[in-house]
Amino acid sequence: MKLYPLFADLAGLPVLVVGGGSIARRKVEALLGADAQVTVGAPRLDEGLARMVEEGRVAWRCSEFAPTWLDGMWLAIAATDDRSINAAVAAAANQRRVLVNVVDDAELSRFHVPAVVDRSPLVVAISTAGAAPALARRVRETLEQVLDHALGALVALAQRHRHRIVRRRADLADRRAFYDWLHDGPVLSLLRRAQPQQAERILLDALHGDQAAPQAGSVTLVGAGPGHPGLLTLQALRVLNEADVILHDQLVGTEILAMARRDAERIDVGKRCGGRQVPQEQIHRLMLAHAREGRRVVRLKGGDPFVFGRGGEELAFLRRHGVACDVVPGITAAIACAAFAGIPLTHRDHAQSICLLTAHGKDATDTLDARMLARPRQTLAIYMGVERAEALTAQLLAHGRAADTPVAIIENGTLPQQRVITGTLDELPRLIRQHAVTTPALLIIGEVAAFAAEHAWSGEQYAEPEHAVSLPPAKVA
Ligand code: SAH
């Protein structure tokens, strides 16, 4: 079957939908979205359709199907669950030269309704002529990921200035270069950042400048999440695919790097303990140098860039040097590790607050407020805490945190080699030694950590049977 693809302008045109159920409702919604004048025909309507009729948005023919319903229609959709009615609708429509679609019935259909990726005014329609709807859905899903949500605004902007662009860039090659810049450069990033006025100003500046628009460099600080490639955000994936240079930490795995643009230059600036260590100042210098050469730089960090990631320092440095920059958040280790270990970080009965802390570097344990951290009914999520676990445990115990407070150690959280080790606070240093815990590992201390023993659903679990921890009694109201 060969189909002729078309996009129809149905504004103000009468169209008919036969059927009163949820499928008919979805068809009616889509047609209303195109400003069609919709009549729905069915003896009974579902709640949503009935409401549309009440609100006067849709006309209703309340009876069994009659062929005369099609008189004067431009388009009809049969969405009943009775094939003989659907066939009757199709026959009546054909007789009157009204284009008809029968839901899930390619044979009876004169037109097909595609799967759609909507970035209006940009719309991508996908059809397999009814042969493989599941494949069409898959293609749609892929495109949903790839096509930036700011594209709609970009297309609308280009549409608004189309004549001016043609005038100012009369030479075809020149115009093509301008569009390449427009589709791929700073205008799109500004739209993504919800700065439409600035985007328009840059477009106009570039258009009125005489030379081809200069390529402005930029830096995006991107959170890669905890390691599992599926936990990368769509936005992170998109900027990785536009990057010229990627400066990444060691925590970012090869699977994630593999998703980035193939010809992007990848630079490992991972701060390793022991071996090679790139100082922060050098990372700053590298970002600056690449951006000043007009490159799109992605600074890719594990988890979230602003949670123990020095993202704040990098952003401040870049802004001080006048480099365009933005930030794509990532799922931080505490959120991800807790989820994969089955630990609810807050719980109505066990924890009303969460504290993310590190026992490392500038914030060594002695600067932390141990008295506050030792309070019960809160959850501590400790980053980079393995080395200082002994000192931290001693401080918490000294300030009155109960020795049998549940703890969980999550090593390589979200990755295939994830290990979850559970026990109590007093045995935390021993557990770390005994299980030879390596980095990266997150420590969770608090009543909710007990849930891990029961509910961890990913990776291997190591609970001490003789010290099986149990949940504290629920709060008495
Ligand atoms: N910006 C990152 C944290 C960087 S600090 C974030 O938001 O997650 C590095 C520390 O994060 C590690 O020492 C460890 O404590 C924790 N961490 C990061 N990824 C982890 C993972 N997959 N599993 C367990 N801990 C992790």
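What you see below is based on every heavy atom in this structure, not just the backbone, and it leaves out hydrogens, waters and symmetry mates. Predicted, not measured: the structure shown is a model, and the values here were computed from it. Order of appearance sets the numbers: ligands from 1, and atoms from 1 within every ligand.
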Residues lining ligand 1 [heavy-atom distance under 4.0 Å, listed by chain and residue number]:
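Contacting ligand 1 under 4.0 Å are P226, L251, G302, G303, D304, V307, F308, T332, A333, C337, Y383, M384, I410, N412, G413, P440, A441, L442.
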State which residue, out of R261, R262, R266, fulfils the salt bridge (charged side-chain N to carboxylate O under 4.0 Å, His left out) condition with D244.
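For D244, the salt bridge (charged side-chain N to carboxylate O under 4.0 Å, His left out) test succeeds with only one of R261, R262, R266, which is R261.
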Nearest 0.5 angstrom please: Q282 CD to L247 CG, how far?
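Answer rounded to 0.5 Å: 10.5 Å.
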Between CG of N241 and CG of L237, what distance do you get to the nearest 0.5 Å?
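Answer rounded to 0.5 Å: 5.0 Å.
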State which residue, out of K301, Q280, R299, H248, fulfils the side chain to side chain contact (heavy atoms under 4.5 Å, CB included) condition with V269.
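Running side chain to side chain contact (heavy atoms under 4.5 Å, CB included) over K301, Q280, R299, H248 with V269 returns exactly one hit, R299.
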Cationic N near anionic O, under 4.0 Å, R238 to E242:
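Salt bridge: no.
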Do any pairs count as a ring pair (Phe, Tyr, Trp, His ring centres under 6.0 Å) and have a residue in residues 367-390, sequence neighbours left out, and if so which ones?
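Of all non-adjacent pairs touching residues 367-390, those that pass ring pair (Phe, Tyr, Trp, His ring centres under 6.0 Å) are F308-Y383.
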